[in-house]
Each structure stands twice: as C-alpha cells, then as structure tokens.
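What's counted below: heavy atoms across the whole structure, side chains too, no hydrogens, waters or symmetry copies. Since this is a predicted model, take the numbers as computed values, not measurements. Below, read A as the first sequence line, B as the second, and so on, with proteins coming before strands; counting in each chain starts at 1.
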Amino acid sequence: MPELPEVEVVRRGLAAWASGRTVASVEVRHPRAVRRHLAGAADFAAQLTGERLGLARRRGKYLWLPLEGPSGRAVLAHLGMSGQLLVQPEDAPDEKHLRVRLRFDDAAGTELRFVDQRTFGGLSLHDTVPGSADALPDVISHIARDPLDPAFDEAAFHAALRRRRTTVKRALLDQSLISGVGNIYADEALWRSRLHFDRPTAGLTRPRTAELLTHIREVMNEALAAGGTSFDSLYVNVNGESGYFDRSLDAYGREDEPCRRCGTPMRRSPWMNRSSYFCPRCQRPPRV
DNA sequence: AGATCGACCTGGCCGC
DNA sequence: TGCGGCCAGGTCGATC
C-alpha cells in the first residue's frame with residue numbers, strides 16, 4: 001500500500017529514468033486505468049504521444065510529469081492500493097496486470113509501464129494551475145502540502161485541527177488537511193505520539209500537534225531511507241512493499257502482540273471499514 | 001461548508 | 001478440495 005515514502009521513491013525513479021524522454025506511443029490495456037478522461041483512452045493516448053516528459057513531481061501520494069510542450073498540461077498518476085510504475089526493458093514479458101504502456105522515441109531500450117492489480121490507481125491528463133512553479137495539476141489543487149514539503153504550514157495545520165469537529169486519525173487521513181498519510185503511517189505516528197485515534201482534534205495543544213508532526217516525519221523518513229536502499233538498480237521497481245515492510249512496524253498489524261513500550265497486548269479496532277491498531281495503555285481513549 | 005458514507009476492485013485467506 | 005464470504009484501503013462524489 002503505497003503511502004508518501006513509497007511514492008517518493010517512485011518519483012525519484014521516474015525523474016531518473018522517464019523525465020526528459022519523449023513519448024512515442026501509448027498503449028492502454030485497461031480502460032479504467034485512464035481516469036477522468038471523457039474523450040476516452042484512445043484520445044488520452046493521442047494527446048500524450050509526441051510529448052516530452054518534464055521533471056517528476058509529487059504532492060502527498062500523487063505523482064505527475066509536466067508535459068514540456070505548449071499545452072501546459074501534466075500527466076498525473078495515483079498508485080491507489082496496488083499500483084506500480086515500472087521502467088522495464090522493451091522485451092520484458094508483460095506483467096499480468098499491465099494496464100498502460102508508454103514507449104519512447106529514444107534508443108534506451110526501456111519503456112514505462114503502469115501495472116495495477118486492483119485498478120484503484122490510474123493515469124490522467126490535466127491542465128496545470130497557472131503560475132504554479134511545479135506545474136500542479138488543477139484537479140489536485142485541493143490536496144494539502146505534505147509534511148515533508150518545506151512549505152508545509154504547521155501553524156495553519158494546527159489551526160485547522162482546532163477548528164474541525166473531528167478526530168485525530170480522521171484528520172490525518174484527510175488529504176485536504178495534510179497529505180501523504182495513510183492508514184499505516186497514521187497508526188505508527190499515533191503510537192509514537194501516545195495518542196488514541198479517536199481523540200478530538202479540537203483539544204490538541206500546539207506542542208501536541210508539533211510532536212505528532214515530528215513523529216509523522218520520523219516514520220516517513222525512516223521508511224524513505226529503507227525504500228531508498230532498494231532503489232539502486234536500473235529500474236524503477238517499487239510497490240507497496242518497498243523496503244518499509246521489511247522493517248518492523250510498532251503498531252500496524254500487531255494485534256495481540258506486546259506493545260514495544262510497555263508490553264501490553266496491542267489491540268485492533270474496526271474503524272471506518274478498516275482497522276486501527278493501538279496500545280490500550282499508552283494510547284488511552286478519550287472520555288465520552 | 002463540514003462531516004459521513006458507499007462504491008470502486010481483486011487476490012489471498014479462512015471457515016465450513 | 002471447493003467455494004462463499006470477508007478483508008485490505010485511498011479517493012471521489014453524493015448526501016445531509
């Protein structure tokens with residue numbers, strides 16, 4: 001399940017192996033992999049063909065490549081739950097769940113593939129926000145900056161938490177408040193912060209918000225370091241299991257296992273059609 | 001406008 | 001062994 005660190009590793013791979021190349025052809029093998037394109041997959045392919053790809057960018061879990069032509073557009077990617085962007089030799093066998101293939105007009109001998117078992121992810125083509133330095137696609141202008149972005153506004157984030165009538169984990173997963181955090185990193189950061197997922201955000205003090213952000217950044221940077229080590233090959237080859245799943249998680253998936261701080265058995269609570277893992281002793285639920 | 005919830009999707013796993 | 005059903009979960013759009 002790619003969250004911010006995994007997506008950043010993919011971005012670096014794209015910057016190294018796809019940016020600067022010109023698209024020779026696009027093959028869409030599954031219509032659902034092309035998103036929000038009313039004119040259809042064939043038109044998507046036609047629009048992209050002949051375009052030179054600019055430097056790969058990322059905000060939260062979204063990735064995009066600005067097109068260097070005069071259109072001022074960008075090709076946007078979201079990996080969803082199971083998406084991968086792979087730079088593969090042109091003669092490598094097709095993956096079972098290959099959805100989109102981009103061939104290039106150079107002699108590098110590699111192509112870019114979007115592979116996605118569950119098709120929650122996809123590619124799309126968008127206008128970019130006028131004047132934005134990083135060619136932000138207009139459809140993701142509602143996505144907040146992520147906590148690793150130097151321009152992330154901590155004071156504004158805290159103010160938004162205080163204003164909202166919601167709970168802390170819901171807020172962490174709300175990509176319009178802070179982006180890049182998914183279920184796994186939310187649970188990890190909350191455990192490190194000794195915060196129960198159901199704590200109201202309105203009661204958070206500024207130091208508590210600062211501590212939470214510090215832990216989010218720590219867990220993401222550790223994951224990035226782990227994922228980065230697997231990125232030394234010729235190919236972008238990253239998925240939700242990149243590196244981070246090899247290291248031990250402190251909260252996620254550890255139901256009934258001892259808390260690494262106090263030894264109390266960890267718990268799993270059903271939460272918004274998914275699960276929250278927490279230590280019932282270190283992370284006390286709020287009084288109702 | 002803010003909050004909530006269902007739909008989307010497929011493979012792995014569990015229980016009968 | 002086979003099969004049905006559940007689970008994983010990020011995002012968007014509909015609804016209140």
Under 4.0 Å between any heavy atoms, over every strand shown, what does A/R36 touch: base, sugar-phosphate, or nothing? Just pick one.
sugar-phosphate
Go through [options] for me and flag the one nearest to the [X] side chain.
X: A/H78; options: B/dG11, B/dG2, C/dT11; answer: C/dT11
X: A/E3; options: B/dG11, C/dG10, C/dT11; answer: C/dG10
X: A/R268; options: B/dT10, C/dG10, C/dA8; answer: C/dA8
X: A/H97; options: B/dT10, B/dT4, C/dG10; answer: B/dT10
X: A/N183; options: C/dC12, C/dG9, C/dT11; answer: C/dG9
X: A/R164; options: C/dA8, C/dT11, B/dA3; answer: B/dA3

Expected rows: protein N/O vs nucleotides 5-9 of chain B N/O, under 3.5 Å:
from: B/dC8; atom 1: O3'; to: A/R32; atom 2: NH1; distance (Å): 3.2
from: B/dC9; atom 1: OP1; to: A/R32; atom 2: NE; distance (Å): 3.1
from: B/dC9; atom 1: OP1; to: A/R32; atom 2: NH1; distance (Å): 3.2
from: B/dC9; atom 1: O2; to: A/R118; atom 2: NE; distance (Å): 3.4

Any side-chain N or O of [X] under 4.0 Å from OP1/OP2 of [N]?
X: A/H142; N: C/dC12; value: yes
X: A/Y185; N: C/dG10; value: no
X: A/Q175; N: C/dG10; value: no

Take the protein atom [atom1] of [X] and the nucleotide atom [atom2] of [N], then report the distance between them rounded to whole Å.
X: A/E95; N: B/dT10; atom1: CD; atom2: P; answer: 18 Å
X: A/I143; N: C/dG10; atom1: CD1; atom2: C1'; answer: 10 Å
X: A/F197; N: C/dG9; atom1: CZ; atom2: P; answer: 14 Å
X: A/L79; N: C/dT11; atom1: CG; atom2: P; answer: 10 Å
X: A/W271; N: C/dA8; atom1: CH2; atom2: C1'; answer: 14 Å

Please give me the minimum heavy-atom distance between [X] and [Y], naming the atom from each residue.
X: A/A135; Y: A/W64; result: O-NE1, 3.0 Å
X: A/D138; Y: A/H126; result: OD1-CB, 3.7 Å
X: A/F152; Y: A/L177; result: CE1-O, 4.3 Å

Hey, mind stepping through A/K169 and A/D187 against salt bridge (charged side-chain N to carboxylate O under 4.0 Å, His left out) and telling me if it holds?
CA-CA 8 Å; A/K169 187 170 171 182; A/D187 279 3; 2.7 Å; yes
Output all residues satisfying side chain to side chain donor-acceptor pair (under 3.5 Å) with A/H196, sequence neighbours left out; order by chain, then residue number.
none
Between A/R268 and A/S275, does any side-chain donor sit less than 3.5 Å from a side-chain acceptor?
yes
For A/R101, enumerate each residue passing the salt bridge (Lys or Arg N to Asp or Glu O under 4.0 Å) test, keeping only those at least two apart in sequence or located in another chain.
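Residues passing salt bridge (Lys or Arg N to Asp or Glu O under 4.0 Å) with A/R101: A/E27, A/D94, A/E111.
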